[in-house]
Amino acid sequence: MLKKILPIVSAFVLGFGLVSTACSKKPIVIEQEYKPFYNYYVLGDSFEKEVEAKFHEALAEKQNAIIYIDNQMQNNMSFTFFNQDNLEEINKRKQNESLPSNYDLLSQREKEALDNDLNKIIKTSQIEKTILNSMSHKLTFYETILKFKNDEFWFKGISYDFNNIDFGYLSLDKENLNYIANISFDLVFNYQYTDIDENLIKNKYKEEIVITITNQDSIIEDLKFLTNDLRKNLIKDRFEWAWFDAYDLRIYDYAEIFSLSNSDFENIFRFDKFEKSFINYILKNNPNTETTNKSYKFAFKNDERFKNFKSIDKIENFNPDQSKKYGAKQLILNDTYESDNKFNTDLFKSIFGELINDDQIILENKLVKGNKEIYKFLSEEYLNWLNEFQTRFAQNLGINSDSVVNYGEITLDNFCLYFEEFNYYHPVNPISYYTAISVNNLNDSYLREEELENKKMPLKVEEDPIFKAIYQNTINAVKIFQEDYGTKKITWNLLSDSKQLISLKNLTNYSNLKNFSSISDVNAELSLLNQNFNTLGKSERDYFLNKTNSSSFHFEFNNSEELENIPIIEMNNNQIIFKKFKDQASYISVDFNLSFLNLNFVIKSDKFYWFERTLIESI
């Protein structure tokens, strides 16, 4: 797919004539507008992830004030929709009428009453205030994309989506004195920001909720335990089904551990052993278990017990909170014969030329073939990334694990209160809990309940399965990058001898793109962020990220120091030619981020800047 839309250089060069690179010709001063596409993308992508995480956390914190309505709450808030008579009547209509949507069961007056009652609940819960407070300290970081008169205008409030609304009602006795009812729909969080062209981007984040209405206090107390205590305690209590490693998930290519999806978990939760373990945990830890004469029990409605997995954080080598280069490692390329320069040059060639994969390396105590440059770079850096991640994990969850490499949240499906006398399943608000993922947790000090001071020493690189996962993910990603971008072997030894810095092959012509006129256009295309990146470009970028098991990708030419002081280029005869810097003399850099390679190659050979130089040539 990428080969159809990715061919980079050919698209840049259409419509331009050949430019001489003869020594006698001085560089031409060219005015080019610079647009930092990637920086805006990083800010926008980071903002979306951050605010949606804040929405989710705020709902988890406030849900017990939103999803449970007892008699006292009904009386105090003067509900007109959430009362027994009304809910019973609506349920009767549902049984007797066949309509395309359950929302059509409601009269206009009932629809307005539903909105009014929900608005009262949302206001009383103060969830919107919680959201605004949680983001207040980060607004300065996002000020470039939040160009509003009021800092709070990014958040446009909470609304409701009733497209999939459903109702339930059960009378618990013949006199219909005691009852339990429910209503499920999507809660919608609305927000906005501006893109690089100051267009307003309006987004929505949805979460399904189930509101329970009953006059039975014991039921409410049971449900509050499920939607409050379980989320953090399952993982802290070492619940078997909250700790997974590659073996549990049947993942044999460790690279996949960084890009888990629902399909990796679905079959696990079908085992009856999970249901038994989960319900036993609830019965053991629920403080209301001793209540006698319960007319219900906890149960799953069917064996579709898993809803989704959402990754929250994992080991990575990219930090959007770090300005300019996002935590990239700076590597100098020059014409010296120093060992550092040779290594940096060989690493550059491994990424943008030919990936030599026949070196002898050791992974998990086995001698295998690989790439020694990538192996060396990763081995010198990976413990920093691992320690940073596991420190964040400990700060967020209070767990000192030395095996976890990825953590997220499992949301269960079809979990209910089952009233056996009536064969009735009352749906519970989607139950979620934190989960940890590792590549080998057999000796994890937290799971073995060892004291912190007795934690085992880190394994050596050649022994560590975590390093193997990082290496495999990186090599796989580079292979895919080179295949999709069509990199060609680099033959130059010294930068000053090179005709071109990067060569690309197997490129097709796409004549529909003729308007590339600056380094901004080149950089946007190289990072799969073309002018249509909100539609086609973004989907192709996501496709590429999924293939490479990566959460970020970056490939562009820049200034080695300042993002704003960018190089001037021309595109001619299948070449992207370096001309000069916009404002002042400086060094050009090739910024590249994929998997665990977050690198800033700085070209510091003075000879490289004597004449016009070809940055990319299409073969």
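- To the nearest 0.5 Å, atom CG of residue Leu170 and atom CZ of residue Phe422 are 5.5 Å apart.
- The pair Lys307-Glu208 meets the salt-bridge criterion, with a side-chain N (NZ, NE, NH1 or NH2) lying under 4.0 Å from an Asp/Glu carboxylate O.
- Annotation: Phe47 is in aromatic contact with Trp154 [ring centroid separation under 6.0 Å].
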**Request:** Please test Glu420 against Tyr418 for side chain to side chain donor-acceptor pair (under 3.5 Å), starting from the C-alpha separation and ending with a verdict.
**Result:** CA-CA 6 Å; Glu420 190 170 10; Tyr418 177 58; 5.4 Å; no
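- Partners of Tyr433 by ring pair (Phe, Tyr, Trp, His ring centres under 6.0 Å), not counting sequence neighbours: none found.
- Residues meeting the salt bridge (charged side-chain N to carboxylate O under 4.0 Å, His left out) test with Lys49, sequence neighbours left out: Asp45.
- Residues satisfying the salt bridge (charged side-chain N to carboxylate O under 4.0 Å, His left out) test with Glu256, not counting sequence neighbours, are none.
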**Prompt:** Given the rule in the side-chain contact (heavy atoms from CB on, under 4.5 Å) test, do Ser445 and Asn400 qualify, once you have shown the distances and angles that lead to the verdict?
**Reply:** CA-CA 8 Å; Ser445 57; Asn400 292 296; 6.0 Å; no
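- When every heavy atom of Ala255 is checked against every heavy atom of Asn473, the shortest pair comes out as O-OD1, 3.1 Å.
- Between the side chains of Tyr205 and Glu48, no donor N or O sits under 3.5 Å from an acceptor N or O.
- Ring geometry for Phe265 versus Phe244: interplanar angle over 60°, hence perpendicular rather than tilted (30 to 60°).
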**Message:** Show, in sequence, the C-alpha distance, side-chain angles and deciding distance for Tyr247 and Asn441, and conclude whether the side-chain contact (heavy atoms from CB on, under 4.5 Å) test is met.
**Reply:** CA-CA 10 Å; Tyr247 176 81; Asn441 64 23; over 6 Å; no
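- Listed by first and then second residue, the salt bridge (Lys or Arg N to Asp or Glu O under 4.0 Å) pairs that reach into residues 157-174 are Lys94-Asp166, Asp161-Lys206, sequence neighbours excluded.
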**Request:** Evaluate the criterion side chain to side chain donor-acceptor pair (under 3.5 Å) for residue pair Gln216 and Asn178; output intermediate values, then yes/no.
**Result:** CA-CA 7 Å; Gln216 299 296 293; Asn178 301 314; 2.9 Å; yes
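- Salt-bridge annotation for Arg305 and Asp272: present, with a side-chain N of the basic residue lying under 4.0 Å from a carboxylate O of the acidic one.
- Checked against the 6.0 Å centroid criterion, the rings of Tyr103 and Tyr160 do not qualify as a close aromatic pair.
- Aromatic ring orientation, Phe415 versus Phe298: parallel (interplanar angle below 30°, classes split at 30° and 60°).
- The CG atom of Asn308 lies 8.0 Å from the CD1 atom of Ile410; values are rounded to the nearest 0.5 Å.
- Taking Phe185 as the reference, Phe162 meet the ring pair (Phe, Tyr, Trp, His ring centres under 6.0 Å) condition, with sequence neighbours excluded.
- Ion pairing of Arg270 with Glu266 is absent here, as no side-chain N (NZ or NE/NH1/NH2) approaches a carboxylate O to less than 4.0 Å.
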**Request:** Quick one: do Asp484 and Lys547 satisfy side-chain contact (heavy atoms from CB on, under 4.5 Å)? Show the steps, please.
**Result:** CA-CA 11 Å; Asp484 288 347; Lys547 279 209 305 183; 2.9 Å; yes
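- In this view, Phe269 and Phe274, Phe306 satisfy the ring pair (Phe, Tyr, Trp, His ring centres under 6.0 Å) rule, not counting sequence neighbours.
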**Request:** Go through the steps for Asn319 and Glu388 under the test side chain to side chain donor-acceptor pair (under 3.5 Å), then give the verdict.
**Result:** CA-CA 11 Å; Asn319 187 352; Glu388 287 173 2; over 6 Å; no
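- Not counting sequence neighbours, Glu61 has no partner by the salt bridge (charged side-chain N to carboxylate O under 4.0 Å, His left out) test.
- Residues satisfying the ring pair (Phe, Tyr, Trp, His ring centres under 6.0 Å) criterion with Tyr407, sequence neighbours excluded, are Phe393.
- Within the structure, every pair that satisfies the side-chain hydrogen bond (donor to acceptor under 3.5 Å, both in side chains) test and touches residues 65-76, not counting sequence neighbours, is listed here: Tyr68-Thr227, Gln74-Tyr179.
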**Request:** Step by step, work out the side-chain contact (heavy atoms from CB on, under 4.5 Å) result for Ile257 and Lys314.
**Result:** CA-CA 10 Å; Ile257 211 76; Lys314 56 191 170 186; over 6 Å; no
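- Under the ring-ring contact (aromatic ring centres under 6.0 Å, His included) test applied with Phe596, the options Tyr471, Phe258, Phe467, Phe389 reduce to a single match, Phe258.
- For Phe239 and Tyr281, the ring centers are positioned less than 6.0 Å apart.
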**Request:** Evaluate the side chain to side chain donor-acceptor pair (under 3.5 Å) criterion for residues Ser552 and Glu316: first the C-alpha distance (whole Å), next the side-chain angles of each, then the deciding distance (0.1 Å), finally the verdict.
**Result:** CA-CA 9 Å; Ser552 59; Glu316 57 186 338; 5.3 Å; no
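- Remark: the Asn286 side chain and the Asp222 side chain contain an N/O donor-acceptor pair separated by less than 3.5 Å.
- Each ring pair (Phe, Tyr, Trp, His ring centres under 6.0 Å) pair with one or both residues in residues 107-126, not counting sequence neighbours, would appear here, but there are none.
- For Asp104, there are no side-chain hydrogen bond (donor to acceptor under 3.5 Å, both in side chains) partners at least two apart in sequence or on another chain.
- For the residue pair Asn429 and Gln63, a side-chain donor N or O sits within less than 3.5 Å of a side-chain acceptor on the partner.
- Among pairs with a residue in residues 233-253, those fulfilling salt bridge (Lys or Arg N to Asp or Glu O under 4.0 Å) read Glu240-Lys273, at least two apart in sequence or across chains.
- Figure legend: cation-pi geometry between Arg541 and Tyr41, with NZ or CZ positioned under 6.0 Å from the six-membered ring centre and within 45° of its axis.
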